[in-house]
Amino acid sequence: MSVEALPAPVRTDFPTGFVWGAATAAYQIEGAAAEGGRTPSIWDTFSRIPGKVRNGDTGDIAADHYHRYREDVALMAELGLGAYRFSLAWPRIQPAGSGPANEAGLDFYDRLVDELLANGITPVATLYHWDLPQTLEDQGGWLNRDTTHRFAEYASLTARRLGDRIGTWTTLNEPWCSAFLGYGSGVHAPGRTSPAEALTAHHHLLLAHGLGVGALRAELPATAQVSLTLNLAAVRPLTGDPADLDAARRIDGLANRIFLDPVFRGSYPADVLADTAEVTDWSFVHDGDLAEISRPIDSLGINYYTPTVVAADDPEHPAPRQDGHAGELSPWPADTGVRFLPAEGSRTAMGWPVDADGLYELLTRLRDDLPGLPLLVTENGAAYDDYSDPSGAVHDPERVAYLHGHLDAVRRAAADGVPVGGYFLWSLLDNFEWAYGYGKRFGMVHVDFASQRRTPKDSARWYAEVIRTGRLPR
């Protein structure tokens, strides 16, 4: 065979072994809210409070994934997904929030995992994506230190049942949202509005993570990977003025370092403790907590959608808070003196500016701050006002452009030495979008909620081609 006849090496834009996936969350897609022994979660309760969720929507049916999971897995296989990141519903697995497992609930996840594996798709499980059993909320929720131990118990019994087939486990998804939107601004369940309670919940969530890591390690094979997923913020000062730089420092502390430092350094940042001293004395932190929180993990998941721009407050020119989070009250404890401003660029249907450089900034920062730690982009995507045309097709060029830009940011980061090993598009399906109900569509697969018909959008076909070739269209 001549040299000219040898096959050319396949060139890809992403590292060898790069994982291509999509992500969902249990309450957003499963439905079957009262089937199989499942009991209410805080989101079942919250969505029934008038005015909390747009149009009074609930997750009672959602995308009916509980009954249609085989159809959904077949779609994943058709699109070429290598992995599927999903969350387990705590009230489906442990209806009382403590005590024995509900076998019917675990049976559902048995079936789902087996279906994924039969289609060559790697299951990636998240233990907590915001659906705390209501029974635990009735006992104080994340303000009650005992909830951390209940989480470890839940992690243990779940890993014992599914750990022979699930090799990657995430303890928590976006504890910032659970704490600061759920307990600070009140726009997420359980709807509390106290900065001090937000910080208490934040600490207990991190303690639950640490205890959960220990519980998982005790049950899982040595080869299993344990991780945490954070929605870190690319925080930018509006100008180089010292006051704007200090505003960025404060918000970086509340968005990023308040998680990264305890998890990876075993301490809270001194400046964050000082900034929040007006809100709490941090007496909820007990001896030994930070040692638990900083148990080693195997990788870190990063969720990114839009950057955060801040400046010092300007009393002469007051402006509404534009941090991407709805609600009258700020979710940021002790943010007095800080203005939140929109970044430049086009907007998604959420009103979030599109800026892929923020993802590159986060990934390279983590490369420098946490050398050698494997990273995954566990959520990235955009909501647009998608609709089916008369032929039944769903054209979403804005989402394709969004994904292209952000995948290019991942490509650039990998080329610059960031150990990023995978990308999970948010989301596989249109779903229940929390306080926005069914009014915002993030899916690459359109769901007609009346008929539950699934239709892959143009973005799904585009993503499938990127997966197939490993390359971004030029």
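What's counted below: heavy atoms across the whole structure, side chains too, no hydrogens, waters or symmetry copies.
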Donor-acceptor contact below 3.5 Å, side chain [X] vs main chain [Y]:
{"X": "Ser41", "Y": "Trp43", "answer": "yes"}
{"X": "Asn102", "Y": "Gly36", "answer": "yes"}
{"X": "Glu292", "Y": "Gly288", "answer": "no"}
{"X": "Glu153", "Y": "Gly99", "answer": "yes"}
{"X": "Asn303", "Y": "Glu379", "answer": "yes"}

When you check the gap from the basic side-chain N to the acidic O, do [X] and [Y] get nearer than 4.0 Å?
{"X": "Asp146", "Y": "Arg150", "answer": "yes"}
{"X": "Arg165", "Y": "Asp110", "answer": "yes"}
{"X": "Arg339", "Y": "Asp323", "answer": "no"}
{"X": "Arg321", "Y": "Asp335", "answer": "no"}
{"X": "Arg68", "Y": "Asp64", "answer": "yes"}
{"X": "Arg257", "Y": "Asp252", "answer": "yes"}
{"X": "Arg265", "Y": "Asp261", "answer": "yes"}
{"X": "Arg236", "Y": "Asp355", "answer": "yes"}

Looking only at the side chains, is there a donor atom on one of [X] and [Y] sitting less than 3.5 Å from an acceptor on the other?
{"X": "His65", "Y": "Asp72", "value": "yes"}
{"X": "Thr24", "Y": "Tyr84", "value": "yes"}
{"X": "Thr168", "Y": "Gln225", "value": "no"}
{"X": "His67", "Y": "Glu35", "value": "yes"}
{"X": "Asn231", "Y": "Tyr304", "value": "no"}
{"X": "Ser227", "Y": "Thr170", "value": "yes"}
{"X": "Gln452", "Y": "Asp448", "value": "no"}
{"X": "Ser87", "Y": "His129", "value": "no"}

Step by step, work out the ring pair (Phe, Tyr, Trp, His ring centres under 6.0 Å) result for Phe46 and Trp130. CA-CA 12 Å; Phe46 184 76; Trp130 309 351; over 10 Å; no

Has Arg453 got more than 12 heavy atoms of other residues, nucleotides or ligands less than 6.0 Å from its CZ? no

So does Asp138 have more than 12 non-hydrogen atoms from other groups sitting under 6.0 Å from CG? yes

Below 30° counts as parallel, above 60° as perpendicular, anything between as tilted: where do the rings of [X] and [Y] land?
{"X": "Trp434", "Y": "Tyr27", "value": "parallel"}
{"X": "Trp332", "Y": "Trp176", "value": "tilted"}
{"X": "His406", "Y": "Tyr402", "value": "parallel"}

